[in-house]
Amino acid sequence: MTTEILKESRGIHPPSDTRWIMRRKDLPNTRAAGLYRLTDREGNETTSAISATYRQVLEALRRSPLYCASPVRLSDVVYVLKREHGADIETLFFEDDTNDPPSRYGVYVLHSQVETLGAQAPKTAEAA
């Protein structure tokens with residue numbers, strides 16, 4: 001997996017389809033465990049079962065970039081997706097120079113190619 005590259009862009013706006021996640025209802029309604037193959041920019045593949053809020057955020061990132069600042073605490077979820085599931089997610093930083101003093105904000109961008117492999121079977125009491 002590639003190392004996170006932090007970029008700062010002055011005077012450049014984030015992609016027009018970047019979304020704010022203000023509440024959990026703004027996330028896709030996909031919480032059941034799913035099996036995914038994630039391929040980063042270097043071609044490294046990871047297969048992982050992802051569920052609950054992690055799956056919701058991954059599905060949201062598949063649709064569009066997301067602003068980092070969120071009352072839903074996306075940063076914790078993005079961290080786990082990157083470190084434990086191998087997702088190639090980059091944080092781009094921008095500076096809003098319309099404020100005095102200028103403010104910085106970040107946008108999460110998914111670079112992994114994500115392939116859904118199907119539903120993950122729930123663990124049974126015998127398998128646990």
Can you tell me how far the CD atom of Glu95 sits from the CZ atom of Arg104, to the nearest 0.5 Å? 7.5 Å
Value for OG1 (Thr39) from CG (Asn44), rounded to nearest 0.5 Å, stands at 8.5 Å
d(Leu81 CG, Asp88 CG) to nearest 0.5 Å is 12.0 Å
Does the pair Ile50 and Leu38 meet the rule for a side-chain contact (heavy atoms from CB on, under 4.5 Å), with working shown? CA-CA 11 Å; Ile50 302 174; Leu38 299 115; 4.3 Å; yes
Can you tell if the side chain of Thr46 reaches within under 4.5 Å of the side chain of His85, non-hydrogen atoms only? no
Is there a side-chain contact between Tyr105 and Phe93 (heavy atoms, below 4.5 Å)? no
Under 4.5 Å between any side-chain heavy atoms of Thr18 and Leu66, yes or no? no
As a quick check of understanding, evaluate side-chain contact (heavy atoms from CB on, under 4.5 Å) for Ile89 and Val109, giving each step before the final call. CA-CA 6 Å; Ile89 301 170; Val109 179; over 6 Å; no
For residues Leu74 and Tyr108, report the shortest heavy-atom separation together with the two atoms involved. CB-CE1, 4.2 Å
Please report, to 0.1 Å, the donor-acceptor pairs under 3.5 Å made by any side chain of residues 52-65, with sequence neighbours excluded.
from	atom 1	to	atom 2	distance (Å)
Thr53	OG1	Arg31	NH1	3.4
Arg55	NE	Tyr36	OH	2.7
Arg55	NH1	Ala32	O	2.5
Gln56	OE1	Arg31	NH1	2.8
Gln56	NE2	Pro28	O	2.9
Glu59	OE2	Tyr36	OH	2.4
Glu59	OE2	Arg62	NH1	3.4
Arg62	NH1	Thr116	OG1	2.9
Arg62	NH2	Val114	O	3.1
Ser64	OG	Asp17	O	3.3

How many angstroms lie between OG in Ser112 and NZ in Lys82, if you round to the nearest 0.5 Å? 10.5 Å
Tyr79 meets the side-chain contact (heavy atoms from CB on, under 4.5 Å) criterion, sequence neighbours left out, with Arg83
Could you pull out all residues at least two apart from Arg37 that satisfy salt bridge (Lys or Arg N to Asp or Glu O under 4.0 Å)? Glu45, Glu115
Supply the atom-to-atom distance Ser70 OG to Arg19 CZ, rounded to the nearest 0.5 angstrom. 10.5 Å
The side-chain contact (heavy atoms from CB on, under 4.5 Å) partners of Arg23 (sequence neighbours excluded) come to Lys25, Asp26
Quick check: closest heavy atoms across Trp20 and Ala69, and the distance to 0.1 Å? CZ3-O, 3.2 Å
How about Val107 and Thr91: do any of their side-chain heavy atoms sit closer than 4.5 Å? no
